[in-house]
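To find a chain, count down the sequence lines: A is the first, B the second, and so on, and within it residues start at 1. In this text, all values refer to a predicted model and were calculated from it rather than measured experimentally.
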Number of protein chains: 2
Amino acid sequence: MNGLVHELATVSSPDAEAISTVLHAYGAALKARNVEEVLALYTTDGVIMPPHFPASAGIDSLRASYTRIFSTIELVITFQIEEIVLMSPEWGFARTTAEGTKTILALNESEPHANQELFIMKKENGKWLIARYAFSTMKPLVQNGIQRS
Amino acid sequence: MNGLVHELATVSSPDAEAISTVLHAYGAALKARNVEEVLALYTTDGVIMPPHFPASAGIDSLRASYTRIFSTIELVITFQIEEIVLMSPEWGFARTTAEGTKTILALNESEPHANQELFIMKKENGKWLIARYAFSTMKPLVQNGIQRS
């Protein structure tokens with residue numbers, strides 16, 4: 001988007017800085033594969049929309065979803081923040097890309113990871129939290145002769 | 001989410017109804033494979049985040065992205081609205097699922113289509129428009145022995 005707006009939004013606003021901090025904390029919780037640490041970053045009605053699975057809405061459903069994810073894969077990724085936009089005193093969104101390594105635990109196989117993310121953030125009791133989270137792979141549709149879908 | 005909140009949000013608010021109308025117009029524009037009809041539903045700084053491709057930001061980039069999409073596939077899908085939330089007088093979001101048929105034009109092959117979508121909507125000059133749009137497939141990770149990624 002507009003580089004200046006991006007910079008102003010991410011540098012000069014305490015709210016944007018707080019949102020950025022939450023996103024990096026989320027990356028750290030993924031790396032640690034710590035379900036409760038992840039859940040503490042979500043609103044109680046939070047929703048994740050993971051590719052290939054129906055959305056998980058609410059803390060109990062999120063717990064089941066992250067328990068599944070962390071039992072299957074290890075993610076060591078870093079979020080690059082493309083933009084943070086404040087929509088109201090209580091709502092913001094962040095668009096990010098994440099690169100790093102995904103390890104399939106059962107196979108002990110690692111591969112490069114490249115996703116893009118859209119986070120809707122909500123400020124509750126003075127704390128920015130993840131309210132909705134959608135993402136998708138940025139891997140090419142066809143790679144090494146394998147057609148992805 | 002909460003069925004009652006969902007119903008109130010989608011039934012009783014003129015803004016939520018207007019957002020719903022835009023989403024169904026988007027579905028119709030996809031079916032018609034009409035690039036300009038799609039672009040008219042986006043803000044000028046709108047962003048699509050299509051799986052397997054980097055985000056396309058701004059009308060020119062969106063035009064290129066939809067031209068590519070419509071030259072490759074035909075989508076006949078219907079959006080089911082899971083929730084619409086108004087975040088401020090100018091911002092809202094919608095979470096949807098879309099089912100229907102995707103046809104790969106080069107192969108003339110059709111397959112069932114099931115995606116989930118997160119739309120961030122912005123009201124500009126009295127009209128709700130798509131500001132950010134992320135989505136992913138809901139197809140199982142492994143299907144007919146094919147591992148998807």
Open item on the list: Between A:A134, A:P51, A:P89, A:S61, who has the most heavy-atom pairs with chain B when the cutoff is under 4.5 Å?
Closed with: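 Most heavy-atom pairs within the cutoff with chain B belong to A:P51.
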Shared hydrophobic cluster, [X] / [Y] (ILVMFWY, side-chain heavy atoms < 4.5 Å):
{"X": "B:F70", "Y": "B:I104", "result": "yes"}
{"X": "B:I130", "Y": "B:I59", "result": "yes"}
{"X": "B:L75", "Y": "B:L62", "result": "yes"}

Open item on the list: Need one label for A:E117: side chain, backbone, both or neither, based on atoms under 4.5 Å from any heavy atom in chain B.
Closed with: backbone
Task: Contacting moiety of A:I120, where chain B heavy atoms sit under 4.5 Å - done: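 The side chain, not the backbone.
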Would you give the length of the straight line joining atom [atom1] of [X] to atom [atom2] of [Y], rounded to the nearest 0.5 angstrom?
{"X": "B:W91", "Y": "A:F93", "atom1": "CH2", "atom2": "CZ", "result": "4.5 Å"}
{"X": "B:S88", "Y": "A:L86", "atom1": "OG", "atom2": "CG", "result": "11.5 Å"}
{"X": "A:M138", "Y": "B:H52", "atom1": "CE", "atom2": "NE2", "result": "11.5 Å"}
{"X": "A:E82", "Y": "B:M49", "atom1": "CD", "atom2": "CE", "result": "8.5 Å"}

Open item on the list: According to side-chain hydrogen bond (donor to acceptor under 3.5 Å, both in side chains), who are the partners of A:Y66, at least two apart in sequence or on a separate chain?
Closed with: A:Y26, A:Y42
- [ ] Taking side-chain hydrogen bond (donor to acceptor under 3.5 Å, both in side chains) as the test, write out the residues that go with A:S110, two or more places apart.
- [x] A:T103
Open item on the list: Would the distance check show the side chain of A:Q116 and the main-chain N or O of B:P50 forming a donor-acceptor pair, the cut-off being under 3.5 Å?
Closed with: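 Here the side-chain-to-backbone pair exists.
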- [ ] For B:E99, look at atom CD and say whether over 12 heavy atoms of other residues, nucleotides or ligands are found less than 6.0 Å away.
- [x]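 Counting other residues, nucleotides and ligands, CD of B:E99 stays at 12 neighbours or fewer.
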